[in-house]
Amino acid sequence: MTLRPTQAVILAGGQGTRLRPYTDDRPKPMVEIPGTGLPIIGHQIAWLAAEGVTDVVVSCGHLAEVLREWLSTADLPASAGADGPSPVRVEVVVEQQPLGRGGGLKYAAASLPRPGEPWYATNGDIWTRFPLREMAAFHAERDAVATLALARPRIPWGAVETDSFGHVLDFVEAPPSPYLVNAGVYVFSASFAEMLPERGDHERTTFPGLARRRLLAGFPLPQGAYWRAIDTVKDLTEAARELAEMTDGRQ
């Protein structure tokens, strides 16, 4: 029987300089998406809990005390775990010096309660919703050590279509990219943690080696799944608008 992950790491160590002034007094994942009443990390924890995660380790550095304070008073959601609903458990670990994404993952993974089991991970600036259980099944079917979610973001510019002679045929506003990108959400087998660097980026060190051995898989996000990386003030504004449109569409 393949174990489905019930533990996760959130990488929340970034300073979010491109989100200033929102990040002057809080870490990037603590920035609130306008109109939702919750910071980005609150949405992430709610999503993970709904997908059966019972334990979350948050790796942070910049203004970690703000995140700790919010977690101490937040009404954390109940996890839809196999043993029935219970409040999700969240532990914060603080990087004393920047470790990079790979080093941050390794540092946080050491605090996971079940080191012999698989785990999810997500970057702390990702706002998305899709069935993590489907991604975990995809990961297990391919016997991968690591699986990354793949998104097809919209190009931020209008595109122009022409014929072979150069006549303009159409204008397309913000079309989907022809390329898939790393969506910043992962499923990892238990053995992955020991492959991570102590410091640095796993995408430059660990991932290429796994890819050569055919142990790295890519899970395309399902059609219609919402995904956005919150990197700039414009991203924050557009996320709020898109979420409001989705809410209106469901009414």
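Given the structure is predicted, the values throughout are model-derived calculations rather than measurements.
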Kindly compute the distance separating CG (Leu196) from CZ (Phe207), expressed to the nearest 0.5 Å. 8.0 Å
Among Trp227, Tyr226, Phe130, whose ring pair (Phe, Tyr, Trp, His ring centres under 6.0 Å) with Trp47 holds? Phe130
My understanding is that only residues two or more places apart in sequence, or in another chain, count here; which of them pass side-chain hydrogen bond (donor to acceptor under 3.5 Å, both in side chains) with Thr206? none
Does any non-hydrogen side-chain atom of Glu95 lie less than 4.5 Å from one of Ser59? yes
Taking every heavy atom of Gly52 against every heavy atom of Arg133, the minimum-distance pair comes out as N-NH2, 3.5 Å
Option among Thr147, Val145, Leu105 that satisfies the side chain to side chain contact (heavy atoms under 4.5 Å, CB included) test with Phe188: Leu105
Using a 4.5 Å cut-off on heavy atoms from C-beta on, say whether the side chain of Thr162 contacts that of Val168. yes
Residues in ring-ring contact (aromatic ring centres under 6.0 Å, His included) with Phe219, at least two apart? Phe138
Ignoring hydrogens, what is the shortest heavy-atom contact between Ala146 and Leu210? Give both atom names and the distance. CB-CD1, 4.0 Å
Please report the C-alpha distance between Ile10 and Ile45 in whole Å, then the side-chain angles of each, then the deciding distance to 0.1 Å, and finally whether the side chain to side chain contact (heavy atoms under 4.5 Å, CB included) criterion is met. CA-CA 9 Å; Ile10 298 177; Ile45 292 173; 4.1 Å; yes
Closest non-hydrogen contact found for Leu11 with Gly104 is CD2-C, 3.8 Å
Taking Gln44 for its side chain and Asn123 for its backbone only, find out whether a donor-acceptor pair lies under 3.5 Å. yes
How long is the gap from CD on Gln7 to CZ on Arg89, to the nearest 0.5 Å? 10.5 Å
Would you say the side chain of Pro29 lies within less than 4.5 Å of the side chain of Leu67, judging by non-hydrogen atoms? no
Using atom types as modelled and distance alone, determine if a side-chain donor or acceptor of Thr6 lies under 3.5 Å from a backbone N or O of Thr54. no
Is the shortest heavy-atom distance from the side chain of Ser189 to the side chain of His139 under 4.5 Å? yes
Which residue pairs pass the salt bridge (charged side-chain N to carboxylate O under 4.0 Å, His left out) test with at least one member in residues 202-218, sequence neighbours excluded? Arg101-Glu203
Qualifying salt bridge (charged side-chain N to carboxylate O under 4.0 Å, His left out) pairs with a residue from residues 167-189, counting only residues at least two apart or across chains: none
Okay, side chain of Arg152, backbone of Pro178: is any donor-acceptor separation there less than 3.5 Å? yes
How are the rings of His202 and Phe192 set to each other: parallel, tilted or perpendicular (split at 30° and 60°)? perpendicular
Tell me every residue that passes salt bridge (charged side-chain N to carboxylate O under 4.0 Å, His left out) with Glu117, counting only those two or more places apart in sequence or in another chain. Arg114
Is there a side-chain contact between Val185 and Tyr120, using heavy atoms and a 4.5 Å cut-off? no
Can you give me the closest heavy-atom contact between Glu134 and Pro222, atom names plus distance? OE1-CG, 4.3 Å
Looking only at heavy atoms, the pair that brings Gly166 and Asp163 closest together is N-OD1, 2.8 Å
Please confirm whether the backbone N or O of Arg199 pairs with a side-chain atom of Tyr107, one donor and one acceptor, at under 3.5 Å? no
Once ring-ring contact (aromatic ring centres under 6.0 Å, His included) is applied, do any residues pair with Phe165, and if so which ones, sequence neighbours excluded? His167
Straight-line distance of Leu221 CG to Met135 CE, nearest 0.5 Å: 8.0 Å
Taking every non-hydrogen atom, the tightest pair across Ala108 and Val57: O-CG1, 3.6 Å
Apply ring-ring contact (aromatic ring centres under 6.0 Å, His included) to the pair Trp119 and Tyr186, showing each step before the final yes or no. CA-CA 8 Å; Trp119 45 293; Tyr186 310 91; 9.0 Å; no
Answer yes or no: is there a side-chain heavy-atom contact under 4.5 Å between Asp55 and Leu112? no
Between atom CD1 of Ile126 and atom CD1 of Ile40, what is the distance when rounded to the nearest 0.5 Å? 9.0 Å
